[in-house]
Amino acid sequence: QVQLVESGGGSVQAGGSLRLSCAASGYTGSPYCMGWFRQAPGKEREGVAFIDSDGTRTYADSVKGRFTISQDNAKNILYLQMNALKPEDTAMYYCAADPRFRGAWVVAGILDTPFNYWGQGTQVTVSS
């Protein structure tokens with residue numbers, strides 16, 4: 001059973017930076033697409049950044065140029081470096097993984113099926 005555990009959230013002022021981490025375990029079988037979603041109160045869940053099994057990275061337009069997704073394969077940790085944070089980035093951030101999908105499908109809004117594996121979430125709050 002795949003387990004994902006996020007860390008690194010917190011409160012920061014606008015313009016600041018945070019780095020989220022997602023420790024993954026229990027992988028078997030096919031390589032996975034891994035990524036970050038976020039959900040703010042009263043809003044729909046949004047795909048933020050993804051890295052496919054072939055290394056392709058995809059970002060939502062709202063975070064391009066500010067967020068960077070990366071992974072340490074040796075340690076099975078996924079990262080999200082968030083720079084130039086804005087109040088509208090405030091949300092619960094979730095790590096997710098699934099071997100069936102590609103990040104581009106999420107960002108394009110054409111994926112109706114949810115990812116199979118999710119972390120518990122970590123809160124990011126950006127004040128103005």
Side-chain angles (χ1 to χ4, degrees):
Q1 180 73 10
V2 174
Q3 291 187 324
L4 305 172
V5 179
E6 303 99 332
S7 61
S11 297
V12 65
Q13 288 191 328
S17 299
L18 284 173
R19 188 176 78 159
L20 305 183
S21 299
C22 172
S25 62
Y27 284 115
T28 59
S30 302
Y32 284 68
C33 169
M34 295 191 70
W36 295 92
F37 291 80
R38 66 186 180 186
Q39 189 165 20
K43 294 189 177 181
E44 291 188 356
R45 186 170 59 198
E46 175 189 20
V48 174
F50 299 87
I51 185 164
D52 296 334
S53 58
D54 63 2
T56 301
R57 291 167 170 80
T58 311
Y59 298 92
D61 287 343
S62 58
V63 305
K64 278 181 182 176
R66 300 188 297 121
F67 290 12
T68 302
I69 190 170
S70 62
Q71 63 186 159
D72 183 331
N73 288 325
K75 296 181 179 179
N76 286 335
I77 299 176
L78 181 73
Y79 299 102
L80 184 67
Q81 178 67 44
M82 305 185 295
N83 298 328
L85 283 161
K86 304 175 181 180
E88 50 264 43
D89 294 319
T90 296
M92 185 71 80
Y93 284 70
Y94 298 91
C95 175
D98 199 302
R100 301 171 292 170
F101 305 141
R102 295 187 69 85
W105 303 349
V106 180
V107 172
I110 60 175
L111 183 64
D112 292 331
T113 305
F115 274 43
N116 258 345
Y117 304 105
W118 294 86
Q120 82 287 354
T122 186
Q123 178 68 37
V124 171
T125 302
V126 184
S127 57
S128 58

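No experiment lies behind these values; they were computed from the predicted model shown.
In plain terms, the two heavy atoms of S17 and N83 that are nearest each other are OG-OD1, 2.9 Å. Of all the heavy atoms in A60 and G47, the pair that sits closest is CB-O, 3.4 Å. Closest heavy-atom contact between R45 and P114: NH2-CB, 4.1 Å. The two atoms that bring C33 and G103 nearest to each other are SG-N, 3.7 Å, heavy atoms only. Taking each heavy atom of A40 and A91 in turn, the nearest pair found is N-CB, 3.8 Å. Residues S128 and A14 come closest through the heavy atom pair CA-CB, 4.3 Å.
A salt bridge is defined here as a Lys NZ or Arg NE, NH1 or NH2 lying under 4.0 Å from an Asp or Glu carboxylate O, and K64 with D61 meets this definition.
Residues I51 and V2 share a single hydrophobic cluster, defined by chaining ILVMFWY side chains whose heavy atoms lie under 4.5 Å apart. Under the 4.5 Å side-chain heavy-atom criterion for grouping Ile, Leu, Val, Met, Phe, Trp and Tyr, Y117 is not connected to Y79 through any hydrophobic cluster. Taken together through direct or relayed side-chain contacts under 4.5 Å among Ile, Leu, Val, Met, Phe, Trp and Tyr, L20 and V12 form part of one hydrophobic cluster. Hydrophobic clustering of Ile, Leu, Val, Met, Phe, Trp and Tyr side chains at less than 4.5 Å, counting indirect connections, unites Y93 with I69. Under the 4.5 Å side-chain heavy-atom criterion for grouping Ile, Leu, Val, Met, Phe, Trp and Tyr, V107 is not connected to M34 through any hydrophobic cluster.
Using a 4.5 Å heavy-atom cutoff, the side chains of T58 and R102 are not in contact. By the 4.5 Å heavy-atom criterion applied to side chains, L4 and Y94 are not counted as neighbours. Looking at heavy atoms from C-beta onward, F101 lies out of side-chain contact with V106 at the 4.5 angstrom threshold.
Just one of Y32, F37, Y59 meets the ring-ring contact (aromatic ring centres under 6.0 Å, His included) condition when paired with F50; it is F37. Among T122, T90, D89, L80, the one residue that satisfies the side chain to side chain contact (heavy atoms under 4.5 Å, CB included) test with R38 is D89.
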Set out, in order, the CA-CA distance, both residues' side-chain angles and the distance that settles side chain to side chain donor-acceptor pair (under 3.5 Å) for S62 and E46, then state yes or no. CA-CA 10 Å; S62 58; E46 175 189 20; 3.1 Å; yes

Could you walk me through whether W36 and C95 pass side-chain contact (heavy atoms from CB on, under 4.5 Å), step by step? CA-CA 5 Å; W36 295 92; C95 175; 4.0 Å; yes

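We find the CD-CD distance between E6 and Q120 to be 4.5 Å, quoted to the nearest 0.5 Å. A distance of 7.5 Å separates OG of S11 from CD of Q123, quoted to the nearest 0.5 Å. Here CG of L78 is found 8.5 Å from OG of S21. Values are rounded to the nearest 0.5 Å. If you take CE on M82 and OG1 on T68, they are separated by 11.0 Å, rounding to the nearest 0.5 Å. In this structure, S25 OG and Q1 CD are separated by 9.5 Å, a value rounded to the nearest 0.5 Å. With values rounded to the nearest 0.5 angstrom, R100 atom CZ is found 9.5 Å from W105 atom CH2.
The main-chain N or O of N116 is found under 3.5 Å from a side-chain atom of D98 such that the two form a donor-acceptor pair.
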